[in-house]
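Below: one structure, written as structure tokens.
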Amino acid sequence: MQMRSRGLPPALTREYKDLDFATAKKSSGDLQKLLRDMGYEPHVGFNAMNGKERLLFFDNPNERQMDVFVSSFRMCHEIPLEERLAVDEDTVPLAELLLTKLQIIELNEKDVRDTVALLLEHDVTDDDAGVNAAHVASLCAEDWGLWRTISHNLETLRSRLDAYDVDREAVSSRVSSILERIETAPKSRSWRMRAKVGERKRWYQLPEEV
């Protein structure tokens, strides 16, 4: 998040205690070797069990954890990354950054603050020049559970803007733009079928605490 910032106001700054990376499946082995060569300690047990989708390393001198997501970001929901890793040189695309923050089933202060920062500094667009709302909407249109969580969290975010001394009107307007695109995007057949079940069945996963 910090890498995409032009300089955050004091209301949105925070300390970053861990590092998140993403890699393609075919590059996972090379990345693991690189990290070990650089002195990062692998979580051997976790990596053996989960290495096809997520890896953990530790930067012990700085007391930081490094998460490596392989092909997709999978926590409460799965956000595909494999086909879009080359869109931006520095980070995953802004749309995916937004989704990784909003996919959590209960937003915490850190994720709210990061999402406000993202929407404060970047326009909502229909391409990757900004926060690509068309891409967000297309993913939500295929997955009712993702739609439910993302839509709810955007509304929650808007209701909590008064806590931050920023341009709240700009952020609220961008939230509205994303919500409009999500709601108007044509929904898939699987989305409509899952919508009939609604919240009677859990629509999210509970990620493992590590």
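Predicted model only: the values in this text are computed from it and were never measured.
- Taken to the nearest 0.5 Å, the NE2 atom of H43 stands 11.5 Å off from the CG atom of L55.
- The backbone N or O of C76 lies less than 3.5 Å from a partner atom in the side chain of Q103, making a donor-acceptor pair.
- The two atoms that bring R181 and A134 nearest to each other are CD-N, 4.3 Å, heavy atoms only.
- Using a 3.5 Å distance cut-off with no hydrogens or angles, the side chains of Q32 and S28 do pair a donor with an acceptor.
- By the rule that hydrophobic residues join a cluster once side-chain heavy atoms approach within less than 4.5 Å of another member, L81 and I150 end up as members of one cluster.
- Atom CZ in R74 sits 15.0 Å away from atom OG1 in T100 (nearest 0.5 Å).
- With hydrogens and angles disregarded, no donor-acceptor distance shorter than 3.5 Å links the side chain of D111 to the backbone of L107.
- Note that CG of D59 and CE of M38 are 9.0 Å apart. Values are rounded to the nearest 0.5 Å.
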- Please lay out, stage by stage, how E78 and D143 fare under the test side-chain contact (heavy atoms from CB on, under 4.5 Å). CA-CA 10 Å; E78 182 176 7; D143 183 340; over 6 Å; no

- Task: Take L97 and V131 through the test side-chain contact (heavy atoms from CB on, under 4.5 Å) and record every step on the way to the result.
- Result: CA-CA 9 Å; L97 277 179; V131 179; over 6 Å; no

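- Closest approach of P186 and A141 over heavy atoms only: O-CB, 3.3 Å.
- A donor-acceptor contact shorter than 3.5 Å links the side chain of W191 to the backbone of C140.
- Linking Ile, Leu, Val, Met, Phe, Trp and Tyr residues whenever their side-chain heavy atoms come within less than 4.5 Å leaves V70 and V44 in two separate clusters.
- Looking only at distances, a side-chain donor or acceptor of T156 sits under 3.5 Å from a matching main-chain atom of H152.
- A heavy-atom distance below 4.5 Å is not found between the side chains of H135 and D128.
- Contact record, V92 with E96: CG2-CB, 4.0 Å, taken as the closest heavy-atom pair.
- Take T125 and apply the side-chain contact (heavy atoms from CB on, under 4.5 Å) test, not counting sequence neighbours, and it matches D123, D127.
- Contact annotation: the side chain of R54 approaches that of D67 to within less than 4.5 Å [non-hydrogen atoms, C-beta and beyond].
- The OG1 atom of T13 sits 6.5 Å away from atom CZ of R113, with the distance rounded to the nearest 0.5 Å.
- Here the side chains of P207 and I104 are not in contact, with every heavy-atom distance at 4.5 Å or above.
- At a threshold of 4.5 Å between side-chain heavy atoms, the hydrophobic network of Ile, Leu, Val, Met, Phe, Trp and Tyr places L157 and L179 in one connected group.
- The shortest side-chain heavy-atom distance between L98 and L94 does not fall under the 4.5 Å cut-off.
- Residue V112 forms a side-chain contact (heavy atoms from CB on, under 4.5 Å) with just one option from N108, T115, D114, V116, and that option is V116.
- Taking each heavy atom of F57 and R36 in turn, the nearest pair found is CE2-CG, 4.0 Å.
- Side-chain atoms of R174 come within 3.5 Å of backbone N or O of L119 as a donor-acceptor pair.
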- Derivation and outcome, side-chain contact (heavy atoms from CB on, under 4.5 Å), residues K52 and K25: CA-CA 8 Å; K52 290 184 178 180; K25 286 183 179 180; over 6 Å; no

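- Residue T23 holds its OG1 atom at 7.0 Å from CG of L85, rounded to the nearest 0.5 Å.
- By the 6.0 Å contact criterion, CD on E82 is enclosed, its count of non-hydrogen atoms from other residues, nucleotides or ligands being greater than 12.
- Other residues, nucleotides and ligands place more than 12 heavy atoms under 6.0 Å from the CG atom of D37.
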- Task: In sequence, state the C-alpha distance, the side-chain angles, and the governing distance for E199 and R148, and then conclude on side-chain contact (heavy atoms from CB on, under 4.5 Å).
- Result: CA-CA 9 Å; E199 296 182 21; R148 170 67 179 80; 2.6 Å; yes

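- Surrounding CZ of R202 are more than 12 heavy atoms belonging to other residues, nucleotides or ligands, all under 6.0 Å away.
- Using a 4.5 Å cut-off between side-chain heavy atoms of Ile, Leu, Val, Met, Phe, Trp and Tyr, with links allowed through other members, L31 and M66 fall into the same hydrophobic cluster.
- Taking every heavy atom of both residues into account, V87 and P93 meet most closely at CB-CG, 3.6 Å.
- Between the side chain of R84 and the main chain of P80, no donor-acceptor pair closer than 3.5 Å is present.
- When side chains are defined from C-beta on, M75 does not count as touching Y204, because their heavy atoms never get closer than 4.5 Å.
- Although no hydrogens or angles enter the test, the distance criterion places no donor-acceptor pair under 3.5 Å between the side chain of S173 and the main chain of E169.
- Between Y40 and L34, the closest side-chain pair of non-hydrogen atoms is not below 4.5 Å.
- The two residues K187 and R192 make their nearest non-hydrogen contact at O-NH1, 2.7 Å.
- Heavy atoms of other residues, nucleotides or ligands lying less than 6.0 angstrom from CD of E109 number more than 12.
- R64 has its side chain within reach of L19: a pair of non-hydrogen atoms, C-beta onward, lies under 4.5 Å apart.
- Of the inter-residue distances, the one linking E183 atom CD with W147 atom CH2 reads 5.5 Å to the nearest 0.5 angstrom.
- A search for ring pair (Phe, Tyr, Trp, His ring centres under 6.0 Å) contacts involving F73 returns F69, not counting sequence neighbours.
- Considering only heavy atoms from C-beta on, M193 stays 4.5 Å or farther from W144 through its side chain.
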